[in-house]
Amino acid sequence: MNDPQSLGDTSPEEFRRQLHELADWIADFRQHIGSLRVAPNDKPGAILAALPAEPPEEGEPFEEILGDVDRVIVPGMVHWSHPMFLGYFGWTTTAPAILGEIITAPLNVNAMTWRTCPAATELETVVVDWIRQWVHLPQEFGGVVYDTASVGVMHALAVAREEAAPSTRKRGLVGAGAPVFRIYVSEQAHSSAEKAAIALGLGEENVQRVPTDAQFRMDPSVLREMITRDVRDNFRPLAVIATVGTTSTASVDPVPEISKICRENKMWLHIDGAYGAGFSILPENKSLTVGWSEADSIVVNPHKSLFVPLDFSVLYVRDLDRLRRVFTLVPEYLRGDTVEAQKNYMDYGIQLGRRFRALKAWVIFRSFGREGMAARLREHVRLANLFANWIKDDARFKLAASVSLGVVCFRFVGSVTGGGDAGPRSAPSATEDKLDQLNSEIVEKINASGRAYLTQTKLRARTVMRIGLGNVLTTEDHLRKAWEMIRETAEAL
Ligand SMILES: Cc1ncc(COP(=O)(O)O)c(C=O)c1O
């Protein structure tokens with residue numbers, strides 16, 4: 001045990017052998033992923049039962065550990081990279097992404113400050129600026145990489161709060177005599193707005209949900225009325241979050257109109273482009289970006305639509321220094337590593353230790369180029385529209401929303417007519433309740449089969465099925481199989 005030879009790391013020769021073994025394992029996994037079940041069929045607790053509860057007392061050979069990955073972990077997973085995974089936004093990984101993650105591991109970076117890793121800091125600046133150019137944001141926007149969009153919106157609202165109630169950072173909301181702030185999002189917006197309000201002490205109930213139009217877009221005239229009413233009732237309208245690519249239908253809020261309302265009321269405009277913003281790298285989607293230059297902040301999730309595996313989310317703020325002013329804080333033990341007048345990313349958020357996320361994105365972006373990514377996104381949009389056409393050709397199904405980007409929401413209506421593009425609304429409610437149940441059952445049955453994976457959501461209180469195209473391995477053939485499966489499952493019910 002105390003033999004100095006046995007201390008330290010694995011020997012270089014042994015490590016090299018293990019790496020070669022792992023390289024083959026990764027290549028095999030990737031090549032054969034389509035033959036795995038998409039989702040496990042185990043009952044909750046099966047993984048726990050298959051693993052020892054006691055921690056290991058002695059070290060084990062790598063082969064044994066990898067064997068357990070094959071035996072317990074891989075069959076216990078939902079495979080988000082599987083070509084038949086059509087859930088959420090069809091999030092993907094790619095070979096360049098895997099290579100990027102492998103390169104990152106041995107570098108063992110902590111990019112707290114420029115000095116603690118100049119390359120990671122400067123590469124983050126480069127990659128964030130590439131994305132800024134791709135999504136057509138003006139140069140005055142600076143960005144920072146976080147893990148998720150949820151963390152991004154929390155930071156954006158922290159800046160909005162500080163600017164509306166200066167010295168909240170120092171004295172807290174009560175100490176700063178802050179009013180009761182209100183934040184407005186569409187009723188289709190992601191719940192990260194409420195989570196941010198909880199974390200910032202703004203209060204979940206002060207996130208007000210604005211109704212949407214027939215296309216599930218925020219209705220600016222109602223937004224205006226809600227703001228007027230809140231001002232009259234002594235609330236202070238703080239921010240609007242406009243979504244470009246909502247979670248259920250990928251609808252796009254009318255940013256220019258919302259931006260005008262924000263300007264008139266001196267409110268912060270945050271754009272949640274977590275999913276949709278990435279699609280603006282397609283020249284034919286440039287119109288998506290109208291009004292973005294007026295925003296105070298915007299979040300873009302390359303881990304949803306730009307082929308970077310989880311996690312990688314960028315928050316852009318118009319004048320990034322506004323973010324730094326709220327979060328910079330240098331403890332004595334870090335002073336020596338913060339002396340240069342360089343960017344220290346720890347100043348732009350609550351996180352101190354920061355991993356090297358920019359490297360994987362850099363490898364992916366260089367491997368595909370904008371053209372390669374655009375071509376793949378374009379294919380996903382084509383597949384989404386193709387799927388929508390199949391639905392339109394089958395009277396037993398209805399589109400539940402217009403197809404937007406890579407997302408299709410649809411509803412099995414059987415022989416009942418009703419619904420339509422703006423959402424299923426018309427059949428008698430007992431029938432609609434029954435259809436809700438059937439739609440849910442179709443998704444449950446397909447997911448339980450392990451052959452494909454879909455999601456379900458509610459639109460106008462009705463259950464609909466939903467697919468998201470975004471996986472580089474998904475082809476027209478896979479999609480056709482999924483459609484057959486949906487039709488057969490619906491018929492069998
Ligand atoms: C529109 C939108 N915004 C924000 C989020 C939250 O993303 P993250 O998981 O990066 O926090 C999601 C997640 O699906 C989303 O759909």
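Position 1 is the first residue of the sequence; numbering continues from there. For ligands, and for the atoms within them, numbers begin at 1 and follow the listed sequence.
Taking the six-membered ring for Trp and the full ring otherwise, Phe412 and Phe397 have centroids separated by under 6.0 Å. Tyr453 and Trp80 have their aromatic ring centers separated by at least 6.0 angstrom. Aromatic ring centres of Tyr275 and His190 lie farther apart than the 6.0 Å criterion allows.
Considering only non-hydrogen protein atoms, atom 12 (C) of ligand 1 sits nearest to His190 CD2, 3.3 Å. Of all protein heavy atoms, the one lying nearest to atom 15 (C) of ligand 1 is Thr247 OG1, 3.4 Å. Looking only at protein heavy atoms, the nearest one to atom 2 (C) of ligand 1 is Asp272 OD2, 3.4 Å.
Using a 30° and 60° split on the angle between ring planes, Trp390 and Trp483 fall in the parallel class, below 30°.
A cation-pi contact links Arg376 to Phe368, judged by a cut-off of 6.0 Å to the six-membered ring centre and 45° from its axis. Annotation: cation-pi geometry satisfied between Arg366 and Trp362 (NZ/CZ under 6.0 angstrom from ring centroid, within 45° of ring axis).
Listed by number with element, the atoms of ligand 1 under 4.0 Å from a non-hydrogen atom of Lys304 are 5 (C), 6 (C), 7 (O), 8 (P), 9 (O), 10 (O), 12 (C), 13 (C), 14 (O), 15 (C), 16 (O). Close approach of ligand 1 to His303 (heavy-atom distance below 4.0 Å) involves ligand atoms 10 (O). Taking every non-hydrogen atom of Ala274 and a distance limit under 4.0 Å, the qualifying atoms of ligand 1 come out as 2 (C), 3 (N), 4 (C). Residue Gly245 approaches ligand 1 through these ligand atoms, each under 4.0 Å from one of its heavy atoms: 1 (C).
The number of heavy atoms from other shown groups lying within 6.0 Å of NZ (Lys343) is above 12.
Identified under the side chain to side chain donor-acceptor pair (under 3.5 Å) test for residues 141-163, with sequence neighbours left out: Glu163-Arg322.
Considering backbone and side-chain atoms alike, Asp147 places every N or O at 3.5 Å or more from each N or O of ligand 1. Looking at Asn301 next to ligand 1, an N or O pair under 3.5 Å apart turns up. Where the criterion is an N or O separation shorter than 3.5 Å, residue side chain and backbone included, Thr243 fails it with respect to ligand 1. Considering backbone and side-chain atoms alike, Ser150 places an N or O below 3.5 Å from some N or O of ligand 1.
Residue contact check for ligand 1: Phe89 places a non-hydrogen atom closer than 4.0 Å to it. Between Ser313 and ligand 1 there is no heavy-atom distance shorter than 4.0 Å.
Taking 4.0 Å as the cut-off between side-chain N and carboxylate O, Lys260 and Glu264 count as a salt-bridged pair.
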